[in-house]
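Report on the structure given below.
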Amino acid sequence: MSLNRKFYERDTAEVAKDLLGKNIIHREDSQVFKGKIVETEAYFGPEDPASRAKDEKTKINENMWKKGGTTLVYMVHSYWLFNIATEGNDIPGAVLIRAVEPLEGIEFMKLRREREREKELASGPGTFTQAFGITKDHHGIDVTSSDTLSVEQGERDVEPSEIKYSHRIGVTEDLERELRFFIGDNGHVSR
DNA sequence: CATATGATGGACT
DNA sequence: GTCCATCATATGG
């Protein structure tokens, strides 16, 4: 069962935090790629200097204004980064999926990544998309209703005490608030 | 373990 | 040409 629209159409930081522990699934032909989300970042609107929604709409960033659950995929330094829009229409926001613990399709992920160690498969926003086969083709999908890309409830909820926070990584100008969320004791978090 | 550095490709001006 | 919400190496401790 995919998470519904109501889950995504809330405060972006809340959605980012609540996505921890959920499973993301990419069904590609007969292959299934599944993993547990262990690290996310929240991006807001014009008031956020690190957000792509701080400027005018473009073909890429316009999906941040779309309904919660719409995907946003773009390239940075030759890697695709995968985001899910939050809030409703006309309120921009998105959550970047930064790291995932692989659960299914691991052998094929190893081939795509040309790596053997599981912690090197999806422990970063660019390596995650590479392992899962996510590209620009997955821009603009609605994860609440898509057959190929969905986010579902995990094995168990993540306890608040397990969640850690930090400033966002790699941004040129960050907000005061800590908007990176990750599961503290999980070995698949990025460095 | 840690930190430093060069390569990368697409969107945009 | 410039700007990146990155990554894989290399080197030192």
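Chain letters run A, B, ... following the sequence lines, proteins first and then strands; every chain starts at 1. Please read these numbers as outputs of a predicted model, since none were measured by experiment.
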Approximate separation, where rounding is to 0.5 Å, of A:T40 OG1 and A:R98 CZ: 10.0 Å
For DNA chain C, the residues among residues 175-191 of chain A that have a non-hydrogen atom under 4.0 Å from it: A:R191
Under 3.5 Å: donor-acceptor pair, side chain of A:S146, backbone of A:D142: no
Point-to-point distance, once rounded to the nearest 0.5 Å, from NE2 of A:H139 to OH of A:Y74: 11.0 Å
Rounded distance in Å - CD1 (A:I97) to P (C:dT6): 14 Å
side-chain contact (heavy atoms from CB on, under 4.5 Å) assessment of A:H188 paired with A:L121: CA-CA 9 Å; A:H188 298 267; A:L121 293 181; over 6 Å; no
Start and end of the DNA chain B segment that chain A contacts, any atom under 4.0 Å from a heavy atom: B:dT3 to B:dC12
From CD (A:E118) to CD (A:E101), nearest 0.5 Å: 8.5 Å
Length of the line joining A:D174:CG and C:dC4:C1', which is rounded to integer Å: 15 Å
Atom pair distance, as rounded to whole Å: CD in A:E120 and P in C:dC7: 12 Å
More than 12 heavy atoms of other groups within 6.0 Å of A:K110 NZ: yes
Within 45° cone and under 6.0 Å: A:R112 NZ/CZ vs A:F108 ring: no
Plane angle bin for A:F33 and A:F132 - parallel if under 30°, tilted between 30 and 60°, otherwise perpendicular: tilted
Flag side-chain contact, heavy atom, 4.5 Å: A:L19 against A:V151: yes
Phosphate OP1/OP2 of C:dA5: any A:R52 side-chain N/O under 4.0 Å: yes
Evaluation steps, side-chain hydrogen bond (donor to acceptor under 3.5 Å, both in side chains), between A:Q130 and A:R113: CA-CA 7 Å; A:Q130 194 175 48; A:R113 290 277 301 125; 2.6 Å; yes
Closest-nucleotide 5' rank along DNA chain C - winner of A:E173 and A:R113: A:E173
Verdict with supporting geometry, A:S190 and A:E39, side-chain hydrogen bond (donor to acceptor under 3.5 Å, both in side chains): CA-CA 8 Å; A:S190 74; A:E39 179 179 349; 2.9 Å; yes
Residue-level proximity of residues 65-86 of chain A to DNA chain C when a heavy atom falls under 4.0 Å: A:Y74, A:V76, A:H77, A:Y79, A:L81, A:N83
Sugar-phosphate, base or nothing in reach of A:T127, heavy atoms under 4.0 Å: sugar-phosphate
Whole angstrom value for the distance that separates C1' of C:dT6 from CG of A:L96: 11 Å
Cluster link A:I60 to A:M75, ILVMFWY, side chain under 4.5 Å: no
Whichever of A:R115 and A:V95 has its nearest DNA chain C nucleotide further upstream toward 5': A:V95
A:Y43/A:T12 under side-chain contact (heavy atoms from CB on, under 4.5 Å): CA gap, chis, key distance, verdict: CA-CA 7 Å; A:Y43 288 86; A:T12 306; 5.8 Å; no
Set out, line by line, the N/O atom pairs under 3.5 Å between protein and nucleotides 11-13 of chain C.
none

A:T71 side-chain N/O to A:I141 backbone N/O, donor-acceptor pair under 3.5 Å: yes
A:K22 (side chain) donor-acceptor with A:D18 (main chain) under 3.5 angstrom: yes
Other residues, nucleotides, ligands: >12 heavy atoms within 6.0 Å of A:E47 CD: yes
Hydrophobic cluster membership, A:F7 vs A:L72, 4.5 Å side-chain cutoff: no
DNA chain B base-pair string [pairs: Watson-Crick or G-U under 3.5 Å; |: paired with another strand]: |||||||.||||.
Spacing between A:R117 atom CZ and C:dA8 atom P, to the nearest angstrom: 12 Å
Nucleic acid contacts of residues 10-26 of chain A, taken as heavy-atom distances under 4.0 Å to DNA chain C: none
Side chains of A:K67 and A:R5 in contact at under 4.5 Å (non-hydrogen atoms): yes
Distance-minimising heavy-atom pair for A:V32 and A:R27: CG2-CG, 4.4 Å
